Amino acid sequence: MPKNVKQLILVSAIVLFGFGGIYGLSNYIEPRSVRMPEAYQDADLAIRGKSLKGWTLGSEGLLADWYWMWSLQYIGNKIVNSNLEEINLDDLRSLNPKLLHPLLDNAAELDPKFLAVYSYAATVLPAVDAKLAIELTEKGIRENPEAWRLHQYLGYVYWRMKDYENAARVYEEGSRITGAPPFMRQMVAAMKTQGGSRETAREIYLQMRDQAEDQQSRENAELRLLELDALDELGAINAALKAAAERTGKCPASLRQIVPSLREVKLPGGRAFRVDSNGDLADPLGFPYRLTPEDCRASLNETTRIPKQLD
Amino acid sequence: MQTETSDAGTLGRIATIARNTFREAIRDRILYNLVAFALLITVAAVILGDLTDGHQARTTVNLGLFAILIFGVFISIFVGVSLVSKEIEKRTLFSIFSKPVSRTEFVIGKYLGLCFTVGVNVLIMGSGVTVALAFVGGLGLLAPAWSAIYLIFLELTIIIAIATLFSTFSSPSLSALLTFLIFIIGHLSSSLRELATGFASGIATIVFETLYFLLPNLGLFTFRTEAANGLMPNSAMLLGGTLYAVVYAIIVLAVAVLIFSRRDFK
């Protein structure tokens with residue numbers, strides 16, 4: 001056999017058996033490797049943003065971007081990996097997102113003009129620690145006195161805490177800034193007279209959805225608006241159920257039975273009730289409402305993504 | 001192929017070529033990078049105290065190990081890709097092959113010589129990390145750090161093998177680029193496997209699974225963050241990793257020898 005053919009066979013055998021070995025080794029090592037525990041991503045941040053200033057050779061903005069992106073990924077991954085059937089947007093403490101504030105704080109320290117950081121802090125951080133959310137948003141206001149939007153965010157945080165007095169004060173301060181839209185002034189009145197009303201909530205979330213600078217805040221506001229729509233619908237459905245029960249002396253067997261009586265009901269914004277392909281009353285996302293015969297009341301289906309916290 | 005020689009002679013000739021490769025690397029001032037490394041690690045050890053909020057040792061390990069990897073990769077790539085081309089350029093290859101040295105011995109000798117050079121570099125840089133750790137009072141992280149350094153060295157032996165392979169048939173600049181790309185992809189190969197599982201198409205899954213096994217899985221040697229947190233690699237990582245690096249290097253060098261044996265230098 002010629003020498004070069006012999007060599008080719010030898011090398012082919014080495015490659016073939018070698019990769020066979022690599023296959024086995026890869027499968028053996030990978031699952032046995034020592035890796036950082038799941039909770040590693042929640043370990044304290046080793047570096048403070050304030051200390052990094054000057055060390056980034058003028059690239060503070062870039063590093064702020066990096067912290068900002070990290071904070072988005074951090075919360076996003078927490079939610080995705082939580083495997084919870086329902087995420088309570090008002091209380092994310094069960095996800096243990098203790099790095100959220102340091103990450104946002106570092107981003108804000110490195111680039112104090114980075115308004116998206118404060119927006120995110122105001123919309124998501126209150127679900128972890130409202131006090132820290134207020135501190136960070138107030139820091140944003142100090143650094144960006146011309147940004148009326150930060151007053152809107154801070155007003156929102158106070159409103160979520162049902163502190164309508166402070167919310168009105170913050171909206172008023174924001175409304176005096178040049179360029180602030182008229183709704184800021186309307187919010188002052190709304191907070192003073194009907195802080196806890198559904199109309200006020202709807203107005204706040206509409207503004208937040210339309211002006212959100214990041215996807216997560218926008219989605220959050222959209223879900224809240226759907227929740228308000230569902231609350232309006234549930235109010236009407238429960239009233240119809242009560243009327244039917246009083247009329248017949250028993251609770252209707254299904255929500256389909258009250259559909260005709262709901263045709264006359266006017267929902268805010270001229271919306272109509274949704275009926276799915278099975279003829280069941282459905283929430284704004286198309287999931288059928290659930291009837292509990294014991295108390296003759298309707299509620300949101302457990303599988304819907306619409307949050308159930310505002311009422 | 002050159003004349004067949006006895007096994008003892010083969011080992012001797014491989015050792016001679018390896019020794020010469022090491023000497024040449026020293027003559028080329030490869031070890032000068034250690035000055036830069038020493039500066040980096042000293043500055044880190046002295047200054048990081050203010051920056052890290054009391055996590056000096058951890059950051060020293062993180063920074064030190066990262067620097068060892070990067071310096072090691074650059075040496076492996078830039079010296080590795082010129083292993084053969086330089087000999088052709090200087091026409092020293094012809095005088096080597098006029099002696100009873102086979103091309104197989106030449107490729108293996110060059111590879112081992114560079115591994116030794118990089119090994120010495122890594123050893124000195126590791127000692128630098130040790131001194132820095134002693135300075136910041138973080139000697140508790142010494143064992144994890146050295147385990148990680150050993151894994152980095154294994155990773156570098158694979159990179160050197162790949163650089164050697166490319167140097168047998170490609171120009172130094174293209175070889176450097178290709179080796180660097182494989183270094184990057186090698187660190188992402190686990191993602192290839194995850195990607196493979198996400199495909200509905202069976203063919204796509206097979207293609208990505210195959211790529212995962214063909215490309216070096218450098219993620220197996222990544223233990224820097226874990227070491228900085230005081231974790232120790234287990235035997236599966238150390239022994240399995242060693243075996244993986246040896247087998248992978250043998251495969252790559254076998255292909256390199258095959259290509260190099262068929263090259264015509266006239």
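Small disclaimer: the values here were computed from a predicted structure and weren't measured. Letters A, B, ... mirror the listed sequences (proteins, then strands); counts begin at 1.
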Requested in this report: Specify whether Phe213(B) and Tyr23(A) have parallel, tilted or perpendicular ring planes, treating 30° as the upper limit for parallel and 60° as the lower limit for perpendicular.
Outcome: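 Phe213(B) and Tyr23(A): tilted rings.
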Report task. Measure distances from Leu8(A) to the heavy atoms of chain B and classify the residue's part below 4.5 Å as side chain, backbone, both or neither. Result ->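 Interface part for Leu8(A): both.
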Query raised in the report: Taking side chain as C-beta onward, heavy atoms only, is Ile250(B) less than 4.5 Å from Ile14(A)?
Result: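 In short, these two side chains touch, coming nearer than 4.5 Å.
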Query raised in the report: Are Val34(A) and Met232(B) side-chain neighbours, meaning at least one heavy-atom pair lies under 4.5 Å?
Result: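 The answer is no; the side chains never approach within 4.5 Å.
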Query raised in the report: What closest approach, in Å, do Gln7(A) and Val257(B) show between heavy atoms, and which atom pair accounts for it?
Result: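 So the minimum-distance heavy-atom pair works out to NE2-CG1, 3.7 Å.
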Report task. Measure across Leu220(B) and Ser26(A) and return the closest heavy-atom pair with its distance rounded to 0.1 Å. Result ->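 Smallest interatomic distance, heavy atoms only, reads CD1-OG, 4.3 Å.
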For [X], is the [atom1] atom crowded, meaning more than 12 foreign heavy atoms sit under 6.0 Å from it?
X	atom1	answer
Leu181(B)	CG	yes
Phe19(A)	CZ	yes
Lys131(A)	NZ	no

Report task. Check each atom of Asn217(B) against the heavy atoms of chain A and say whether the ones under 4.5 Å are side chain, backbone, both or neither. Result ->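 For Asn217(B), side-chain heavy atoms alone lie under 4.5 Å from chain A.
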Requested in this report: Please state whether the side chain, the backbone, both or neither of Leu239(B) comes within less than 4.5 Å of a heavy atom of chain A.
Outcome: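 Interface part for Leu239(B): neither.
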Report task. With rounding to the nearest 0.5 Å, note down the distance linking OG1 in Thr242(B) to CD1 in Ile29(A). Result ->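 The distance works out to 8.5 Å.
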